[in-house]
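Take a look at the structure set out below.
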Amino acid sequence: MATTTTPTHLTLDAAVIGAGVAGLYQLHQLREQGLDVRAFDTASGVGGTWYWNRYPGARFDSEAYIYQYLFDEDLYKGWSWSQRFPAQPEIEEWLNYVADTLDLRRDISFNTTIESAVFDEDRNRWTLTTTTGDTIDAQYLITCCGMLSAPMSDLFPGQSDFAGEIFHTARWPREGADLAGKRVGVIGNGATGIQVIQTIADEVDQLKVFIRTPQYALPMKNPSYGPEEVAWYKSRFNELKEILPHTFAGFEYDFNETWEELTPEQRRAKLEDTYENGSLKLWLASFAEVFHEEEVSAEVSEFVREKMRARLKDPELCDLLIPSDYGFGTHRVPLETNYLEVYHRDNVTPVSVRNNPIARIVDKGIVLEDGTLHELDVIILATGFDAGTGALTRIDIRGRGGCSLKEDWSRDIRSTMGLMVHGYPNMLTTAVPLAPSAALCNMTTCLQQQTEWISAAIRYMRENGKTVIEPTQEGEDAWVAHHDELADENLISKTDSWYVGSNVPGKPRRVLSYVGGVGAYREATLEAAAAGYKGFALN
Ligand code: NA7
């Protein structure tokens with residue numbers, strides 16, 4: 001017999017969508033400030049990205065000890081990592097530790113999906129509706145939905161005809177998937193695909209990797225951490241707290257020498273040294289010119305190609321797997337462990353789909369445009385996300401005068417510092433376009449900054465008797481112009497990837513993340529606040 005439940009209605013000061021890295025901290029801050037606040041998440045547990053991305057091989061590309069929150073020394077030191085770049089289960093455990101230590105669970109509604117959010121101009125409040133018809137009335141709507149959380153999973157005609165199993169990496173089954181002895185196809189070789197491919201090659205019977213665009217990949221050095229290493233990084237808490245918010249990408253390392261001031265030998269030594277670090281250091285702390293100057297980009301790209309060639313050896317593999325038509329670092333740089341060597345195995349076949357794209361999926365497998373059928377038991381879609389905008393456009397968000405965020409962003413993707421959008425009063429955003437995020441930022445560094453800015457803005461409003469905040473048209477125009485000016489000078493703007501939204505058909509092209517640096521962004525947001533929220537109207 002079907003059971004019916006009566007929809008509930010909640011009234012809050014603030015509703016937070018998402019219980020990942022941003023949502024947990026936002027909830028904590030606003031609760032500490034005395035607000036009646038609650039977080040909502042589709043998932044059955046905390047973690048956001050680290051709840052959903054439980055595919056084989058999922059792990060950090062940021063050093064674990066810089067990915068932690070830095071607002072509370074005891075919270076930081078109460079957790080010990082087992083590796084420099086730990087895997088998803090440990091990261092999910094850490095976020096559970098955070099939720100438990102801060103006693104956050106009592107203010108989170110799990111298994112709850114927000115379907116719509118409508119701003120009522122008469123009352124200056126938001127009404128959120130869940131997929132089960134519950135409603136939430138809140139003064140502030142705070143979106144902590146993640147930059148990379150709306151999977152691109154419905155991509156090929158015929159997907160539902162496939163007789164085997166299809167998984168998108170970000171919707172991997174909690175109980176795991178049995179790949180042993182199976183014929184498995186992986187579509188996509190971005191940061192995610194690379195982690196999956198290198199991890200499952202051993203386990204599966206046959207692995208076919210469908211490759212459209214090759215990637216520059218850097219080898220990861222991932223030592224285990226014992227008591228000595230843990231004591232070492234914990235002793236650096238104050239130093240890290242001082243450094244991270246001010247660097248280009250929110251990491252502990254930064255660009256500190258220019259290409260110009262070094263001799264060719266010194267440049268080479270620097271590239272070798274940062275490469276040997278086994279991290280993203282070559283990308284985010286060798287030469288900033290790699291993002292702006294074609295010549296530097298060409299030389300650094302060739303350095304990485306040389307390293308890849310030495311490992312791949314086979315010229316055909318080199319052709320297929322080493323990029324030649326875009327510069328190093330203009331895509332997200334993946335870290336890998338024996339990824340290139342995977343293609344030397346007998347059970348692994350790379351399939352180029354650059355000139356012979358995937359046409360459809362049929363009951364038996366994947367069919368390419370020339371009619372070739374690749375028979376498979378399992379298809380893994382490592383095909384990425386509708387980054388930055390997708391999480392919010394999948395919710396029906398209506399601002400002033402009924403304007404729709406989905407419609408607005410389908411014409412032009414705009415925001416004010418990635419913190420608010422003109423036309424959507426009292427909606428405060430994290431991990432949305434036009435702020436440093438995911439692309440060129442250690443996420444926790446950026447999300448701490450953004451949530452702290454939001455909490456401070458709300459405190460300011462309460463202390464000053466204000467109830468509505470909204471970026472002005474002029475304020476938003478100025479930020480968009482500044483963002484675009486920096487973006488247009490950056491070689492990222494010339495390369496196709498999720499960084500510019502080109503992976504989503506019809507998405508307006510714009511460099512999604514702010515490329516002026518995490519430190520510079522932070523200064524700009526703090527200056528606006530210190531000037532009485534310059535660029536925002538407060539009433
Ligand atoms: P990415 O980096 O967007 O990679 C998606 C991959 O899927 C990429 O190799 C794509 O090739 C490929 N793809 C997508 N659609 C197709 C079709 N139709 N045919 C063939 N190949 C396709 O997503 P990830 O999940 O790896 O990483 C996202 C971020 O998560 C990452 O940057 C980190 O910040 C964490 P393409 O390059 O478009 O030719």
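Everything quoted here is computed from the prediction, not taken from an experiment. Ligands are counted one by one from 1 in listed order, and the atoms in each one are counted from 1 as well.
- Taking 4.5 Å as the limit, every side-chain heavy atom of Tyr25 sits out of range of all side-chain heavy atoms of Thr444.
- Counting heavy atoms from C-beta outward, Leu440 and Phe291 have side chains that approach closer than 4.5 Å.
- Scanning for disulfide (SG to SG under 2.5 Å) contacts around Cys446 gives Cys441, with sequence neighbours left out.
- Checking side-chain atoms of Asn503 against main-chain N and O of Phe385 turns up a donor-acceptor pair under 3.5 Å.
- A perpendicular orientation is assigned to the rings of Tyr326 and Tyr216, their planes being inclined by more than 60° (bins at 30° and 60°).
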Protein N/O near ligand 1 N/O, under 3.5 Å, which pairs?
{"unit_1": "ligand 1", "atom_1": "7 (O)", "unit_2": "Ala382", "atom_2": "O", "d": "3.3"}
{"unit_1": "ligand 1", "atom_1": "9 (O)", "unit_2": "Asn189", "atom_2": "N", "d": "3.0"}
{"unit_1": "ligand 1", "atom_1": "9 (O)", "unit_2": "Asn189", "atom_2": "OD1", "d": "3.1"}
{"unit_1": "ligand 1", "atom_1": "25 (O)", "unit_2": "Thr192", "atom_2": "OG1", "d": "2.6"}
{"unit_1": "ligand 1", "atom_1": "26 (O)", "unit_2": "Ala191", "atom_2": "N", "d": "3.2"}
{"unit_1": "ligand 1", "atom_1": "26 (O)", "unit_2": "Thr192", "atom_2": "N", "d": "2.9"}
{"unit_1": "ligand 1", "atom_1": "26 (O)", "unit_2": "Thr192", "atom_2": "OG1", "d": "3.3"}
{"unit_1": "ligand 1", "atom_1": "32 (O)", "unit_2": "Trp498", "atom_2": "NE1", "d": "2.9"}
{"unit_1": "ligand 1", "atom_1": "34 (O)", "unit_2": "Arg332", "atom_2": "NE", "d": "3.3"}
{"unit_1": "ligand 1", "atom_1": "37 (O)", "unit_2": "Thr213", "atom_2": "OG1", "d": "3.4"}
{"unit_1": "ligand 1", "atom_1": "38 (O)", "unit_2": "Arg212", "atom_2": "NH2", "d": "2.8"}
{"unit_1": "ligand 1", "atom_1": "39 (O)", "unit_2": "Arg212", "atom_2": "NE", "d": "2.8"}
{"unit_1": "ligand 1", "atom_1": "39 (O)", "unit_2": "Thr213", "atom_2": "OG1", "d": "2.5"}

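- Between His483 and Tyr514, the angle of the ring planes lies from 30° to 60°, which puts this pair in the tilted group.
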